[in-house]
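All values below come from the heavy atoms of this structure, side chains included, with hydrogens, waters and symmetry mates left out.
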Amino acid sequence: MVKLTDDYVAKQAEFEAAGIKVPNYLQEEVITETEKTPIWVHFGGGNLFRCFHSVIAQQLLNEGKLKSGIIVAETYDEQVIDDIYHAYNNRILSVTMGSDGSLEKELVASVGRSTFYNADYPTGWQYLTEVFENPSLQFATFSITEKGYALRDINGNLTQAAQADIADGTKHPKTNMGAVAHLLYARYLRNQAPIAMVSTDNFSENGARLESAIMTIAKGWLKKGFVEKGFIDYLTDPKKVTFPWSMIDRITPNPAESVAARLKADGFEDYQIVHTAKHTNIAPFGNTEETHYLVIEDNFPNGRPPLEDAGVLLAKRETVNDADQMKVTACLNPLHTALAIFGNLLGYTSIWEETENPDLLALIKNLGYREDLPVVKDPKILNPRKFIDQLITKRLPNKNIPDTPQRIASDTSQKIPVRYGVTIQHYLDADDRNVRDLEFIPLVLAGWCRYLMGIDDNGEAFELSRDPMLPELQPYVKDIKLGTNVDVHQYLQPILSNHEIFGNDLYEIGLAGKVENYFAKMITGPKAVAETIQQTVAEKGFNFSK
C-alpha cells in the first residue's frame, strides 16, 4: 500500500505497482523556489483545479520548463486547506477516467504552497499580500465559479457585501472581488509590477467579468477616497494589468465512491472522501474525464511559462471568445444544464444514465444541433459540430464519469444568462432568424421554473442544488400544487421578466408565452414533465437518428 505523503522517490517501485505515475522533480525544490520566486497564484482549490491546472503545472515541472509551483488560495472553505491540502503535503492524486473503464493515476506535487485567503484569517491574508507584492509573480488564475464574482443582486443592485467592501476600504474586504482588489492595490503601492489576472471559470467573457468586478470595487474606493487615481490608471494600463479571457472545458465531477473503491483495491491508502461543513465534496484524489481544452488569450505583461507546451491553446481574444461562445453558449454547457434540470425532476443520479433516455437525448440534440449551432461563430481552432458530436457520443455517455445532475444544477440562476440568454440574443440580433421559432430553449427554461418548485415528476419533494437566488425565486412557485388549475402567468411573470436572469424580459421579446405553456403542461400531475418532453420532441423536434 502507498499513500500520498510517502517518499515517491524512495518508493517509486511501490507507486508503480499501484499504477501511479510519480513526478520527475523533487517537491522540496519546487517549494523552495515557490517561496523565493512565486510565478503563479490560483484562486479556488476545488476539484477542477486539482485535476486540470495542477496537472498543467506538473507537466511543465516534469519537463524542466517551470521551477516554481502554484500557490493555491482557497477563498470559500478553510476545511479544504486543512483537511485536503495541508493534510497531504499539498499533493494530489489525479485520476483520469477513460471511456473504456480505465483509470490513469498520477501523483501531482505542483502546488508549492496552499492557504486560506480571507480577511478574517490574518496568516493567509498577510502571506498572499506579500506574494502579490513580489514582482516575480507573473499571473493569477481563477476557478471560483460564477457566484465568486457576484457583486450585484437579482435586480442589478450592489449587494450589501459589495457596498460594505466599498464603504470600509482596502484593508479587510469580504467579497472575493474586494479581496483580490486589495491584493492588486498592495502590488500597486509596492512596485506597480505587471501581472495578468486570468479567469478560467466556466462562463463567457470571464475576463471581462473579472475586470468589471475589480473595477467596480476600485472605483468605489476612489470615490470614497481610499485609493488614488493612480491605482485606476494602473488597473487600466494594458502594459501593467491585463484580464485575459479564456475557455475551459473538462468535466470534473465530485470524487466518486466507485473511484475510491478502485483506488483502495489498487493499493492506494488515501481514498477517503471528505464532506466539509460547507458542503464541499473533495478528496485526496480528483477524478476527471480524458477530454479537455483550455484556450487563453495570450496577454501576459509580466511574461509566462510556456503553457502551450502543456496543451494550453494561446490565441487572440476574438478567437478565445469564439471558442468560449461555442462551448458555453451552444455546444456543451446548455446541454449539460438541460440534463441537470430534467435529471433532478426525473429522478436521475448520473448524467450518463440520462443519455440512455431517448427523449432526453433527442432534447439535447435538438437544443445543440438545431437551435444553438446555427448561431455559433466557428472559432477555427475547434470545430463546433465535431465538438457536439464528441460530447453526445463519447463524453456524456461515458459510464466511467460519475457526474450527477445534482452537481451540475448548482447555481443555475447564475448560468442561465450565458447558457441560454446569449443564444436568445443572437436570434434577436439576426435578420434571418426569429426568436419565436425557438422551442427547446423555452422548454428548458420552463423545466427550470418547474424545478424551482422542489417537487419531482412523481410528486415527491427533493432537495434543490445550492443557488444564491433560491431564497428570492422559490417563493414565486412554492405554493403551486401538481394537478391544480392555476394562472401560470401570475406565478412566473416576476421570474420571466427579469433581465438579470435571462438577459431580456422574455415577455417583451415574445418568448415568455411558450415558457408558460410548457410549464403549465408540466404541472398537470405526476409524470407530466416526462410526457411534456416526449410530446415536444415528437411534435417539434428533428429525428437525428435517421
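Glu16 is linked by a salt bridge (charged side-chain N to carboxylate O under 4.0 Å, His left out) to nothing, counting only residues two or more places apart in sequence or in another chain. Applying the salt bridge (charged side-chain N to carboxylate O under 4.0 Å, His left out) test to Lys399 and every residue at least two apart in sequence or in another chain returns Glu356. Every residue meeting the side-chain contact (heavy atoms from CB on, under 4.5 Å) condition with Trp125, not counting sequence neighbours, appears here in chain and number order: Tyr117, Ala119, Thr129, Pro173, Ala179, His182.
Tyr348 and Asn357 are linked by a side-chain donor-acceptor pair at a separation below 3.5 angstrom, with hydrogens and angles left out of the test. Side-chain contact check for Trp40 and Ser68: no donor-acceptor pair (N or O, by modelled atom type) lies under 3.5 Å.
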CA sep, side-chain torsions, deciding dist, call: Thr115, Glu74, side-chain contact (heavy atoms from CB on, under 4.5 Å)
CA-CA 6 Å; Thr115 188; Glu74 169 62 23; over 6 Å; no
What verdict does the side-chain hydrogen bond (donor to acceptor under 3.5 Å, both in side chains) test give for Asp403 and Ser350, after you've listed the backbone C-alpha separation in whole Å, the side-chain angles of each residue and the deciding distance to 0.1 Å?
CA-CA 6 Å; Asp403 211 355; Ser350 68; over 6 Å; no
Verify ring-ring contact (aromatic ring centres under 6.0 Å, His included) between His42 and Phe142, making sure each step is shown before the conclusion.
CA-CA 6 Å; His42 183 86; Phe142 295 76; 7.6 Å; no
Could you walk me through whether Ser99 and Lys394 pass side-chain contact (heavy atoms from CB on, under 4.5 Å), step by step?
CA-CA 7 Å; Ser99 55; Lys394 293 183 179 180; 5.9 Å; no
Given Lys3 and Asp270, is the salt bridge (charged side-chain N to carboxylate O under 4.0 Å, His left out) satisfied, shown in steps?
CA-CA 6 Å; Lys3 53 187 178 181; Asp270 299 320; over 6 Å; no
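To the nearest 0.5 Å, atoms CD1 (Ile392) and CG (Leu361) are separated by 6.5 Å. Distance check, rounded to the nearest 0.5 Å: CG of Leu313 to CG of Leu307 gives 11.0 Å. Rounded to the nearest 0.5 angstrom, Ile388 CD1 and Asp372 CG are separated by 7.0 Å. Rounded to the nearest 0.5 Å, atoms CG (Leu107) and OG (Ser94) are 10.0 Å apart.
Side chain of Glu354 to main chain of Gly343: a donor-acceptor pair is present (N/O by atom type, distance under 3.5 Å, no hydrogens or angles). Side chain of Asp77 to backbone of Thr276: no donor-acceptor contact under 3.5 angstrom is found. With Asn47 contributing its side chain and Asn254 its backbone, the two residues share no donor-acceptor pair below 3.5 Å. Judged purely by atom type and a 3.5 angstrom limit, Ser212 has no side-chain atom pairing as donor or acceptor with the backbone of Ala208. For Asn134 (side chain) and Ser136 (main-chain N/O), a donor-acceptor pair under 3.5 Å exists by modelled atom type. With hydrogens and angles ignored, the 3.5 Å screen pairs no side-chain donor or acceptor of Thr423 with any backbone N or O of Tyr420. Side chain of Asn287 to backbone of Pro253: a donor-acceptor contact under 3.5 angstrom is found. For Glu269 (side chain) and Val2 (main-chain N/O), no donor-acceptor pair under 3.5 Å exists by modelled atom type.
Between Tyr293 and Phe387, the angle of the ring planes lies from 30° to 60°, which puts this pair in the tilted group.
At most 12 heavy atoms of other shown residues, nucleotides or ligands fall within 6.0 angstrom of atom CD in Glu104. Annotation: Lys278, atom NZ; neighbour count of heavy atoms from other residues, nucleotides and ligands within 6.0 Å is above 12.
In this structure, Arg395 pairs ionically with Asp249, as a charged nitrogen and a carboxylate oxygen lie closer than 4.0 Å.
A cation-pi geometry, defined here as NZ or CZ lying under 6.0 Å from the six-membered ring centre and within 45° of its normal, holds between Arg209 and Phe203. With Tyr85 as the aromatic partner, Arg91 does not meet the cation-pi criteria of under 6.0 angstrom to the ring centre and within 45 degrees of the ring axis.
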